[in-house]
Protein chains: 2
Amino acid sequence: MTGPGLRERKKQRTRDALLRAALELFTTKGYEETTVDEIVEAVDVSQRTFFRHFAGKQEAAFAMQEMVEARFMRALRERPAGEGPLAALRGAVLGSWDAVGESIEAIVPVELHMRTYQMIESTPSLLAVHMRRSIEMEEQIAGVIAEREGVDLATDSRPRVAVAAFSGVMRVTGRMWGAGEDISVASIRAITETYLDHLGPALAEDWREH
Amino acid sequence: MTGPGLRERKKQRTRDALLRAALELFTTKGYEETTVDEIVEAVDVSQRTFFRHFAGKQEAAFAMQEMVEARFMRALRERPAGEGPLAALRGAVLGSWDAVGESIEAIVPVELHMRTYQMIESTPSLLAVHMRRSIEMEEQIAGVIAEREGVDLATDSRPRVAVAAFSGVMRVTGRMWGAGEDISVASIRAITETYLDHLGPALAEDWREH
DNA sequence: GAGGTTAGAGTCAGTCGCTGACACTTGACA
DNA sequence: TGTCAAGTGTCAGCGACTGACTCTAACCTC
């Protein structure tokens, strides 16, 4: 019950400090304009130390995203079995936004995290990585959905297709939110809800009916 | 009617040679394992010349994709007005695969292009860029769809949502194709068709009905 | 067809992200 | 208390990419 030792705590402190410094610099100066040397200078460690904690500049930018995504996956797995695929996904996303504070506040303020997210959306090279990461997550999500619905992922393409459509909407959501003025969690939550509502109608063959 | 002059033709020749050398090296040695120095050595030009023709290593990897995508956009715009959004998109993709030869064969063989595509799908850093590029294209597609349907993109989210779902399916298609054995155009065309057929059913709330 | 103009290519020096190798310091633990 | 090893610093080097400068040859004009 002694918890992590002094060495471990020191290491964690260094990592957290690097992360905060990096995100603060990224969101104020811009990602491309921030050099690793500037980050390590702010924390007063060597460049090598940065690369021991993070595989690269990019990884630092996505460290918080990773925690949030892990939370989302857990939320999805805990959804009631009665819900259909899209209802479960919807519940898990909205729930994750409601609980974003608990996911990350121990390391960085929510406000900095939201600024980071917006920076990712508006920085081409990071947006690219963001997209690839969400694809990797799609595969996991499809697995969970297939299990929930009791279908075989290897022979049934519906889980992947449904998740792909859902993720497509999430992507648009992120884009629209990032392009707007309101950076708040409430804002992205609301946009998410609206866009998910539009998924059904949008796929109808004739839009003029509605 | 004299066409491009000698200078212009020389320039184009250098570019084409660089492109072919790059794609050949990328697909045989691997993208990350290929250095720009190796590419320029194969063509016997200076490194600086490479960077005058391509903004970076990545741009070379996507040069052919860009041509194919341009063709797709044109095909989409030329679809009969009677078709619904998804039918038009479907027709444009399948048509583009049928005509991929005409799009690119003047510069690289179709077979090399397909190998390149597979390499993109299996190289993380390129996959990331590929995803970002398709998002950028989504925006254009949404514009065309909105126009076709006579709705306002600024106030109506259905074009973007429909396109997002469609693109999601295209992404899965690419992934599944790239992971398989058959690298042929016929193969990806068939997969595309199947997966698009699954989009409707996959979004139904209860999969057990079908 | 000579001569000035300029686009395209070469050279060189430098920045930035990132890595491997080696040495040092200081918690951890017997 | 002494040994071990995790975490860090230092240094040298690679690969992608850029800016500044020079040179060459296609071009355009007279």
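Not measured: the values here are computed from a predicted model. Every chain is numbered from 1, with letters handed out A, B, ... down the list of sequences.
Remark: C1' of C:dA7 and CD of B:Gln12 are 15 Å apart, rounded to the nearest angstrom. As a whole-Å value, the separation of A:Arg9 CZ from D:dG7 P is 14 Å. The separation between B:His53 atom NE2 and C:dG8 atom P is 8 Å, rounded to whole Å. Summarising the geometry, the separation between CZ on B:Phe51 and P on D:dA20 is reported as 17 Å, rounded to the nearest angstrom. Taking atom CD of A:Glu8 as the reference point, atom C1' of C:dC29 lies 16 Å away to the nearest angstrom. The distance from atom CD of A:Gln47 to atom P of D:dT8 is 15 Å, rounded to the nearest whole Å. With rounding to whole Å, A:Glu59 atom CD is found 10 Å from C:dC18 atom P.
A salt bridge links A:Arg90 with A:Asp197: at least one charged nitrogen is closer than 4.0 Å to a carboxylate oxygen. Of the charged side-chain nitrogens involved, at least one lies within less than 4.0 Å of a carboxylate oxygen, so that A:Glu102 and A:Arg71 count as a salt-bridged pair.
Of the residues in residues 13-46 of chain B, B:Thr14, B:Val45, B:Ser46 come within less than 4.0 Å of DNA chain C through at least one heavy atom, sorted by number.
Residue pairs meeting the salt bridge (Lys or Arg N to Asp or Glu O under 4.0 Å) criterion with at least one member in residues 29-58 of chain B, sequence neighbours excluded: B:Lys29-B:Glu38.
Taking every side-chain heavy atom of B:Arg7 into account, D:dA25 is the closest of D:dA25, C:dA28, D:dT18. You'll find that the side chain of A:Lys57 is closest to C:dG17, out of C:dT19, C:dG17, D:dG7. The side chain of B:Thr49 has C:dA9 as its nearest neighbour among C:dC12, D:dT8, C:dA9. When distances are taken from the side chain of B:Arg48 to each of D:dT18, C:dT19, C:dA9, the shortest belongs to D:dT18.
Between B:Phe50 and B:Phe54, the ring planes lie tilted relative to each other; the angle falls in the 30° to 60° range.
Residues B:Gly56 and B:Arg52 each lie close to DNA chain D; by heavy-atom proximity, the contact nearer the 5' end of the strand is made by B:Gly56. A residue-by-residue look at A:Leu6 and B:Phe50 shows that B:Phe50 has its nearest nucleotide of DNA chain C further toward the 5' end.
A:Tyr31 contributes a side-chain N or O that, together with a main-chain N or O of A:Gln58, makes up a donor-acceptor pair within less than 3.5 Å.
Across A:Thr192 and A:Trp97, no two heavy atoms sit closer than the pair OG1-NE1, 4.0 Å.
Counting heavy atoms from C-beta on, the side chains of B:Leu19 and B:Met64 come closer than 4.5 Å. Under the 4.5 Å side-chain criterion, counting only non-hydrogen atoms from C-beta, B:Val68 is in contact with B:His113. No side-chain heavy atom of B:Arg132 sits under 4.5 Å from any side-chain heavy atom of A:Arg132.
Regarding contacts with the backbone of D:dA26, a side-chain N or O of B:Lys10 is found under 4.0 angstrom from either OP1 or OP2.
Each end of the helix from C:dG1-D:dC30 to C:dA30-D:dT1 gets its own axis from five base pairs, and the two axes differ in direction by 20°, given to 10 degrees.
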